[in-house]
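For the numbers below, each heavy atom of this structure counts, side chains included, while hydrogens, waters and symmetry mates do not.
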Amino acid sequence: MKRRISARYILPLVCTRLCRRPPPFDLPTTFPRLTTTTRRGTSSPVAEKIALDRHPVAVYLARLAPSSRRTMRAALDAIAGLLSDDRCDAWSLAWDKLRYRHTTAVRALLADGRYAPSTANRHLAALRGVLKECWRLGYVSAEDFQRAADLEPVRGSRLPRGRALQPGEVRALFAACEDDDRKKPAMAARDAAILALLYGSGLRRAEAVGLEVADYDREGGTLKVRGKGNKERLAHLGDASQAALEAWLFVRGFVSGALFVAINKGGRLIYKRGMSGQAMLYIARRRTLQASVAAFSPHDLRRTFIGDLLDAGADLSTVQQLAGHAQIQTTARYDRRGEATKKRAAKLLHVPYRGK
């Protein structure tokens, strides 16, 4: 069993004091209260109020997309825990005190195998971002910033997480919606339309919940989708996907607002409340149980969309545009054709095992 090495044994003693002294920020009452109780229940004299526009973490998170803030905040919390032996979080660590000896030790801990390389590099990106805000806010010199942020990326790769659904599983999911049509017609129509867009058009769940009725072009059979990086693209609907969407709009109506809305227990539509990404995940879990298929996430439907298109002979560049990927290498990661070829090649070798 691999023993986890505490940060206190790697970093100088000054590093464990980073969260014990108040950061040199102004202290107006405009920033939410910061707790003075650490994760281990001991008190720490951290300033309770810090100006929102003077805190490097707040400034860094503010310039990110809303969908990225929670992820990067968690990354900063993890780094703060490594630096202070779990005494600090992102808000209470004195980031302006970090120097190269601290950040290179953080990289060493991130690269020791406890994190996947992509996760480790995401943590390093968050660290560099906060250090840059410390420099922009005038808390550190350009030289100290350049030295502390000069970190090599963590090398390595992992197999993609998630799975592709089999054709029978996709059919079972839509069949589960059809079976629910008599008892809960509105919910059945909405869930079928969501599944049709996630699988038939490869939308991310954040893109699906961000759709509005005005984004639908009935004549063209397209949806205007706002993806990552605030980039818009057109999602083209197949005949079945458009039919599922039309069935939902017949129930919902064409009142302006979110395309997918919440439905209460009585089957009543709540037009003022759109759906969240977490609600999409809940729908996937509920339909998983009803259809008796293996667990999957909404992103697995997107993965299946890309893989099935490539298996059907679609051009990789075209699939990249349909999926809204900035880099074609991202789309290539979903390509199953190479794995199928390797599987056939492996079966060509005869292993002279007879068994008992």
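For the pair E169 (side chain) and Q166 (backbone), a donor-acceptor distance under 3.5 Å is present. At least one donor-acceptor pair closer than 3.5 Å links the side chain of W95 to the backbone N or O of A90. In this structure a side-chain-to-backbone donor-acceptor pair under 3.5 Å is missing from T103 to A149. Side-chain N or O atoms of R163 include one that pairs as donor or acceptor with a backbone N or O of A295 at under 3.5 Å. A donor-acceptor pair is defined here as one N or O able to donate and one able to accept, closer than 3.5 Å; no such pair exists between the side chain of R205 and the backbone of M280. Between the D89 side chain and the S92 main chain, a donor and an acceptor come within less than 3.5 Å of each other. Checked by atom type and distance alone, the side chain of R101 never pairs as donor or acceptor with a backbone atom of L98 at under 3.5 Å. Not one N or O on the side chain of Q290 forms a donor-acceptor pair closer than 3.5 Å with the backbone of A175. Proximity of a side-chain donor or acceptor of D311 to a complementary backbone N or O of G313 within less than 3.5 Å is not detected. Side-chain N or O atoms of S68 include none that pairs as donor or acceptor with a backbone N or O of L64 at under 3.5 Å.
Interatomic distance, R286 CZ to L281 CG, rounded to the nearest 0.5 Å: 12.0 Å. The structure places SG of C134 at 9.0 Å from NE2 of H55, a figure rounded to the nearest 0.5 Å. We find the CG-CD distance between L124 and E152 to be 10.5 Å, quoted to the nearest 0.5 Å. Rounding to the nearest 0.5 angstrom, the gap separating the CZ atom in R190 from the CZ atom in F260 is 9.0 Å. Expressed to the nearest 0.5 Å, how far CG of L203 lies from CG of L301 amounts to 10.5 Å. The distance from the CG atom of L259 to the CG atom of L223 is 7.0 Å, given to the nearest 0.5 Å.
Within 6.0 Å of CZ in R136 there are more than 12 heavy atoms belonging to other residues, nucleotides or ligands. Shown here is W135, whose CH2 atom has no more than 12 heavy atoms of other residues, nucleotides or ligands within 6.0 Å. At most 12 non-hydrogen atoms from other residues, nucleotides or ligands lie less than 6.0 angstrom from OH of Y282. For CG of D315, the number of neighbouring non-hydrogen atoms (other residues, nucleotides, ligands) closer than 6.0 Å is greater than 12. Counting heavy-atom neighbours within 6.0 Å of R69 CZ, excluding the residue itself, gives a total above 12.
A heavy-atom distance below 4.5 Å is found between the side chains of R158 and P117. Within the 4.5 Å cutoff, no side-chain heavy atoms of V213 are placed close to those of V255. Two residues are said to be in side-chain contact when any heavy atoms from C-beta on lie closer than 4.5 Å; Y139 and K97 fail this criterion. By the 4.5 Å heavy-atom criterion applied to side chains, N264 and I270 are counted as neighbours. Residues L93 and V57 form no side-chain contact, since every pair of their non-hydrogen atoms from C-beta on lies 4.5 Å or further apart. D215 is not listed as a side-chain neighbour of V225, based on a closest heavy-atom distance of 4.5 Å or more.
When all heavy atoms of L165 and T304 are compared, the pair lying nearest together is N-OG1, 2.9 Å. Scanning all heavy atoms of the two residues, the minimum distance from R226 to E232 falls at CG-CG, 3.7 Å. Taking all atoms of both residues into account, the shortest heavy-atom contact from A323 to I306 is CB-CD1, 3.9 Å. For the residue pair L245 and A193, the shortest heavy atom distance occurs at CA-CB, 4.2 Å. The minimum heavy-atom distance between Y271 and R252, with the atom names listed, is OH-O, 2.6 Å. Scanning all heavy atoms of the two residues, the minimum distance from V251 to L269 falls at O-CD2, 4.2 Å.
For residues 255-280, there are no salt bridge (Lys or Arg N to Asp or Glu O under 4.0 Å) pairs, not counting sequence neighbours. Within the structure, ring pair (Phe, Tyr, Trp, His ring centres under 6.0 Å) pairs that include any residue of residues 289-336 comprise H325-Y334 (at least two apart or interchain).
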Do S118 and N121 pass the side chain to side chain donor-acceptor pair (under 3.5 Å) test, and can you show the C-alpha distance, the side-chain angles, and the key distance before you say yes or no?
CA-CA 5 Å; S118 59; N121 287 320; over 6 Å; no

Decide side chain to side chain donor-acceptor pair (under 3.5 Å) for Y100 and D144; before the verdict, give the C-alpha distance in whole Å, the side-chain angles of both, and the deciding distance to 0.1 Å.
CA-CA 8 Å; Y100 176 71; D144 285 338; over 6 Å; no

Might you work through the side-chain contact (heavy atoms from CB on, under 4.5 Å) test for R204 and R302, ending with a clear yes or no?
CA-CA 7 Å; R204 303 177 179 93; R302 174 176 168 84; 3.1 Å; yes

For side-chain contact (heavy atoms from CB on, under 4.5 Å), just list the numbers for E212 and S256, CA-CA rounded to whole Å, side-chain angles, deciding distance to a tenth of an Å, and then say yes or no.
CA-CA 7 Å; E212 297 187 358; S256 62; over 6 Å; no

Show the numbers, then the answer: is there a side-chain contact (heavy atoms from CB on, under 4.5 Å) between W248 and D191?
CA-CA 9 Å; W248 161 239; D191 292 359; over 6 Å; no

L316 vs I328, test: side-chain contact (heavy atoms from CB on, under 4.5 Å). Steps then yes/no.
CA-CA 8 Å; L316 186 62; I328 198 169; 3.9 Å; yes

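Under a 4.0 Å N-O distance rule, the pair E133/R128 does not qualify as a salt bridge. Between K224 and D217, none of the side-chain N atoms (NZ, or NE/NH1/NH2) sits under 4.0 Å from a carboxylate O, so this pair counts as no salt bridge. Using a 4.0 Å cut-off between a side-chain N of Lys or Arg and a carboxylate O of Asp or Glu, D180 and K183 do not qualify as a salt bridge. A salt bridge does not link K228 with E207: none of the charged nitrogens is closer than 4.0 Å to a carboxylate oxygen. Between E178 and R171 there is no salt bridge, since no side-chain N of the basic residue sits under 4.0 Å from a carboxylate O of the acidic one.
Y216 and L234 fall into different hydrophobic clusters, defined by Ile, Leu, Val, Met, Phe, Trp and Tyr side-chain heavy atoms under 4.5 Å apart, directly or through other members. Residues V319 and L197 do not share a hydrophobic cluster, defined by chaining ILVMFWY side chains whose heavy atoms lie under 4.5 Å apart. Tracing side-chain contacts under 4.5 Å through hydrophobic residues (I, L, V, M, F, W, Y), one never reaches L322 starting from Y199; they form parts of separate clusters. No continuous path of hydrophobic side-chain contacts links L309 to L195 [ILVMFWY only; heavy atoms under 4.5 Å].
Scanning for ring pair (Phe, Tyr, Trp, His ring centres under 6.0 Å) contacts around Y115 gives H123, with sequence neighbours left out.
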